[in-house]
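Quick caveat, the model's predicted, so the values are computed rather than measured.
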Amino acid sequence: MPKRSPRPAATAAPAPPPPAARRRAVAHSGALLRSGGLATLAALVLAACTGQVRTVPLANGTPERPPATTAHALHRLVEDGAPGAASLITRAGFAAARYSTAGVADLRSGRRMAPQDHFRAGSLTKTLVATVVLQLVAEGRLALHDHAAAHLPPGVPATGDGDGELQRVTIRQLLDHTSGLFNYTQDPRLAKQLYGKGFGAHRYDSHTPAELLRIALSHPPVAAPGTRYAYSNTNYLVLGLAIEAVTGNPYATEIRRRILDPARLDHTSFPGTDPVLPEPHGRAYSRAGARRVDATSLDPSRAGAAGEMVTTLGDLNRFFAALLGGRFLAPRQMAQIRNEKRTGGAYGLGLYATRLPCGVTVWGHNGDINGSYARTAGTADGRHLVSYRTNTDTLPDPAHGTAVLTAEFCASRRR
């Protein structure tokens, strides 16, 4: 399975949220890019509409405008069928930044994607979960060789009818997807509710981690623990539960305390069962056969610790700059999160490497959920980063997504 969350199938037409879901999230304010005296996004310079490019000034007020390397690649994603695509490039700790966009955020209004727009980041959630787990390892509260069953909250199943037993699965195997646990999102019955024609009737269904884990454990393992890499959302569902068991707090609370607040990721949230995206946001679209349908509103508990995060491009770059720059993890844990030996170079412990055609290797993650796809990649030190997104969950040609990274990192190498 590729190093990404499973591609959602087409979705059904939107239905109004139930009364309990009609509350609006609090709108976020403040600058997207903050570093010392860096000016806010209100000072962005707007370029031509073809491959709209915006640059922020340096702290001394002098604008720096790097070449629009990603504009063509973003347009290719739109030509492939994405309503809109956007990227944010940062260098040298946000001393220079460039935002580019193509297509639209809303097919009805024609509104373009904005740098401040919130979106669902899918499996990019996993990197934050892995970071907290490795912090707990550094604190001696967890060990990578611990069995997962030893770190589950009361009442959470460790075995199931499918003999997918957590007593034999270690924390490391959950982190690098070598546990062999069945991917709960591939359960035939649940998949019909999460994606495709059943999405419309079930988009506001709430799911608990224990319920989803029971579904996974009802299936036989896809492999013996530790024998091969097989991407499974179940792994990070269990890791979220392990964080709760060890700390006494929900995984999202620990992420906020350990990551969001210290790094000032003010536009990132873990909505639980709230189906409403914070303002501002565009629309999210999926394909249902030949139709394109709105998938903006949904109950994200279907994803939980495997992919419920809502964020912005700026917060993604800020997080990965801090992570790759060594702010969150000690050197030993940084070496562990990058270690792909047990997966044959496919995946580390919540992070993976991509070698681009020009020979540059970048580190990051990607993610998708109904109506949204996003990816972040950066140099090993986190000083040069690219995050991009589309407001659809399907990339017909994944190579065109990687081309966004190639356009920036390989062009930068030639400069």
Side-chain angles (χ1 to χ4, degrees), residues 125-185 207-259 270 301 303-308 328-330 332-337 339 341-343 347-351:
T125 308
K126 291 179 171 69
T127 308
L128 284 79
V129 171
T131 300
V132 170
V133 169
L134 289 171
Q135 288 179 344
L136 293 172
V137 169
E139 294 165 10
R141 302 170 74 180
L142 272 177
L144 292 178
H145 60 262
D146 285 352
H147 288 101
H151 301 292
L152 291 177
V156 174
T159 61
D161 296 338
D163 197 30
E165 297 185 0
L166 294 178
Q167 287 94 338
R168 298 183 295 127
V169 171
T170 67
I171 297 297
R172 181 191 294 275
Q173 290 163 355
L174 295 172
L175 286 165
D176 68 7
H177 297 290
T178 60
S179 71
L181 292 175
F182 180 83
N183 187 350
Y184 75 88
T185 58
H207 303 273
T208 67
E211 169 200 340
L212 297 174
L213 180 56
R214 285 190 183 93
I215 291 173
L217 294 176
S218 71
H219 293 268
V222 299
T227 58
R228 68 180 176 90
Y229 167 78
Y231 192 100
S232 174
N233 287 305
T234 307
N235 293 320
Y236 278 74
L237 197 74
V238 176
L239 288 170
L241 290 167
I243 292 172
E244 179 179 346
V246 170
T247 66
N249 295 316
Y251 87 93
T253 299
E254 287 298 309
I255 289 179
R256 177 159 296 283
R257 183 175 73 84
R258 294 167 175 267
I259 296 175
F270 297 85
S301 63
E308 72 165 294
F328 291 132
L329 297 175
R332 182 177 182 181
Q333 279 68 48
M334 282 303 300
Q336 290 169 337
I337 201 171
N339 189 340
K341 290 182 180 179
R342 294 170 187 258
T343 64
Y347 199 90
L349 305 187
L351 196 69

Below 3.5 Å, can you tabulate the donor-acceptor pairs from side chains in residues 151-158 to any protein atom, sequence neighbours excluded?
{"residue": "H151", "atom": "NE2", "partner": "D146", "partner atom": "OD2", "Å": "2.9"}

Task: Partners passing side-chain contact (heavy atoms from CB on, under 4.5 Å) against A252 (at least two apart in sequence or in another chain) - done: F270
- [ ] For T227 and A223, indicate whether the former's side chain and the latter's backbone hold a donor-acceptor pair under 3.5 Å.
- [x] no
Open item on the list: Going by ring-ring contact (aromatic ring centres under 6.0 Å, His included), name the residues that satisfy it together with Y184, two or more places apart in sequence or in a different chain.
Closed with: none
Open item on the list: So L349 and N339, do their side chains get closer than 4.5 Å, heavy atoms only?
Closed with: no
- [ ] Report yes if some heavy atom in the side chain of H145 is under 4.5 Å from a heavy atom in the side chain of I171; otherwise report no.
- [x] no
Task: salt bridge (Lys or Arg N to Asp or Glu O under 4.0 Å) partners of R228, counting only residues at least two apart - done: none
TODO: Sort and list the pairs that fulfil salt bridge (charged side-chain N to carboxylate O under 4.0 Å, His left out) and have at least one residue in residues 229-243, not counting sequence neighbours.
DONE: none
Task: side chain to side chain contact (heavy atoms under 4.5 Å, CB included) between L144 and L134, intermediate numbers included - done: CA-CA 8 Å; L144 292 178; L134 289 171; 4.1 Å; yes
Open item on the list: My understanding is that only residues two or more places apart in sequence, or in another chain, count here; which of them pass salt bridge (Lys or Arg N to Asp or Glu O under 4.0 Å) with R256?
Closed with: D261
- [ ] Would you give the length of the straight line joining atom CG of L351 to atom OG1 of T131, rounded to the nearest 0.5 angstrom?
- [x] 8.0 Å
- [ ] With the side chain counted from C-beta on, respond yes when H177 and Y236 share a heavy-atom pair under 4.5 Å apart, and no when they do not.
- [x] yes
Open item on the list: I'd like to check the side chain to side chain donor-acceptor pair (under 3.5 Å) partners of T247; sequence neighbours left out, ordered by chain and number.
Closed with: none
Task: Which residues share a side-chain contact (heavy atoms from CB on, under 4.5 Å) with T170, sequence neighbours left out - done: H147, R172, Q173
Open item on the list: Under the rule for side chain to side chain donor-acceptor pair (under 3.5 Å), what residues qualify as partners of H207, not counting sequence neighbours?
Closed with: E211
- [ ] Could you tell me whether a side-chain N or O of Q135 sits under 3.5 Å from a main-chain N or O of F328, the two making a donor and an acceptor?
- [x] yes
Open item on the list: For a side chain to side chain contact (heavy atoms under 4.5 Å, CB included) check, start with the C-alpha distance between V129 and I255, then their side-chain angles and the critical distance, and finish with the verdict.
Closed with: CA-CA 7 Å; V129 171; I255 289 179; 4.1 Å; yes
Task: Heavy-atom check, side chain of L241 versus side chain of L213, under 4.5 Å - done: yes
- [ ] Report the relative orientation of the aromatic rings in H219 and F182; use parallel for angles under 30°, tilted for 30 to 60°, perpendicular for over 60°.
- [x] parallel
Task: side chain to side chain donor-acceptor pair (under 3.5 Å) involving T125 - partner list, sequence neighbours excluded - done: none
Open item on the list: Distance alone, cut at 3.5 Å: any donor-acceptor contact between the side chains of K126 and N235?
Closed with: no
Task: By side chain to side chain donor-acceptor pair (under 3.5 Å) - contacts of Q167 (at least two apart) - done: none
Task: Residues that E254 engages under salt bridge (Lys or Arg N to Asp or Glu O under 4.0 Å), provided they are two or more places apart - done: R257, R258
Open item on the list: Can you confirm whether V132 sits close enough to I259 that some side-chain heavy atom of one is under 4.5 Å from a side-chain heavy atom of the other?
Closed with: yes
Task: For the student: nearest non-hydrogen atoms of G350 and A130, plus distance - done: CA-CB, 3.8 Å
TODO: Report the C-alpha distance between L174 and L181 in whole Å, list the side-chain angles of each, state the deciding distance to 0.1 Å, and finish with yes or no for side chain to side chain contact (heavy atoms under 4.5 Å, CB included).
DONE: CA-CA 9 Å; L174 295 172; L181 292 175; 3.8 Å; yes
Open item on the list: Tell me if a side-chain donor or acceptor on S179 pairs with a main-chain N or O of V169 at a distance below 3.5 Å.
Closed with: no
